[in-house]
> 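Below are the structure tokens for one structure; questions will follow.
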Amino acid sequence: MSDRKPLISGNWKMHQNHFEAIQLVQKLSYVLTNEDVDAVDVSVHPPFTDIRSVQTVLEADRIPVSLGAQHCHWEEKGAFTGEVSPLMLAKLDVEYVICGHSERRELFGETDDDVNKKVHAILKAGMTPIMCCGETDAEREADQAEEKVSGQVRAGLAKVKPDQVAGMVIAYEPIWAIGTGKTATAEDAQAMCALVRATVSEVAGREAADSIRIQYGGSVKPNNAPELMTQPDIDGALVGGASLDADDFGRIVQYRLVESGS
Ligand code: 13P
């Protein structure tokens, strides 16, 4: 077992208005125990319109869940209609920012270079990037999964200092497993997360590779979380659909209870 503390993150995507968001975090606070958050870091990533409301509830009720965002721009301010600055997120006590999610890459044309600029900007604002990578079904079929994922990792980490890389999070999310109910087998997920760690080692050194946290994402549910989470190179999960249900998300965070049979 490594001493990397797992991070389980709920990516709410474009779900939950701010009233629903408040209810969801309150429900989550009833489900999670102190032992859970001692063992596992937990973050929630609501849509931008909910962040202030969720921040207020987390703070007022002292809920030990970190606040996250799903996206940001790389510039600090300027004429970028519709965009949100990393400084604005940091001011709201956001700790983790997802960048390079496959939905941003595939639906909104985000490039590896954009992702790298975001990684630098998020770190500069004092937050932690959760940088996503992952291959399509066609790329996996064509035996290109490794090349695609290691290429995304190299590009995303370009010119990031090794000590900063060490504190980052990378989420390996095979695109064919997102929202489809098809999960990678624990062996495949482990092999790809090991590849991500080996790539980090090449670009930022062994120490950074040993301490960076690597999440698996793609149809993570309470029933498959224990097997995935106990793989040596998997240090957490990036959860979409199941994070919208406090009980399901809580059970994923409590994966270790299943593991120990209690
Ligand atoms: P699902 O858990 O709904 O497959 O989504 C995964 C994901 O994209 C998380 O970022």
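Indexing begins at 1, ligand by ligand and atom by atom, following the structure's order. What's counted below: heavy atoms across the whole structure, side chains too, no hydrogens, waters or symmetry copies.
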> Considering non-hydrogen atoms of the protein only, which is the closest contact for atom 4 (O) of ligand 1, and what is the distance?
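I find the closest protein heavy atom is G179 N, 2.6 Å.
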> Are any of the heavy atoms in S243 under 4.0 Å away from ligand 1?
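False for this residue.
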> Taking 4.0 angstrom as the limit and counting only heavy atoms of G240, give me the atoms of ligand 1 inside it, by number and element.
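Result: 1 (P), 2 (O), 3 (O), 5 (O), 6 (C), 9 (C).
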> Could you tell me, atom by atom, which parts of ligand 1 come under 4.0 Å of a heavy atom of G241?
1 (P), 2 (O), 3 (O)
> Using a 4.0 Å cut-off to any heavy atom of G218, which atoms of ligand 1 qualify?
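It comes down to these atoms of ligand 1: 4 (O), 6 (C).
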> What about S219: any of its N or O atoms under 3.5 Å from an N or O on ligand 1?
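For ligand 1, there is an N or O atom that lies under 3.5 Å from one belonging to S219.
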> Looking at residues at least two apart in the chain, or sitting in another chain, which of them share a side chain to side chain donor-acceptor pair (under 3.5 Å) with W74?
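With neighbours one apart ignored, the set is empty.
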> For E83 and H71, which I'm curious about, is there any donor-acceptor pair between the side chains at under 3.5 Å?
yes
> Do Q152 and Y172 get their side chains close enough for a donor-acceptor pair, meaning under 3.5 Å?
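Y172 and Q152 do not have a side-chain donor-acceptor pair below 3.5 Å.
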> So, do M131 and L157 sit near enough that their side-chain heavy atoms are less than 4.5 Å apart?
yes
> Give a yes or no on whether a salt bridge exists between R104 and D114, defined as a side-chain N under 4.0 angstrom from a carboxylate O.
no
> Less than 4.0 Å is my threshold; does some heavy atom of K13 fall inside it relative to ligand 1?
yes
> Would you mind telling me if ligand 1 is within reach of the side chain of N11, the backbone, both or neither, using heavy atoms under 4.0 Å?
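The side chain, only.
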> Measure the shortest side-chain to side-chain distance between L28 and I63 over non-hydrogen atoms and say whether it is less than 4.5 angstrom.
no
> Can you sort out which atoms of ligand 1 are near A177, meaning under 4.0 Å from one of its heavy atoms?
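Answer, ordered by atom number: 4 (O).
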> Answer whether the closest heavy-atom distance between the side chains of D235 and L7 falls below 4.5 Å.
no
> Identify, by atom number and element, the atoms of ligand 1 in contact range of E173, meaning under 4.0 Å from any of its heavy atoms.
6 (C), 7 (C), 8 (O), 9 (C), 10 (O)
> Could you state the interatomic distance from CG (D248) to CG (N223), rounded to the nearest 0.5 Å?
9.5 Å
> I need the atoms of ligand 1 closer than 4.0 Å to a non-hydrogen atom of L238, numbered in the order shown.
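In order of number, 9 (C), 10 (O).
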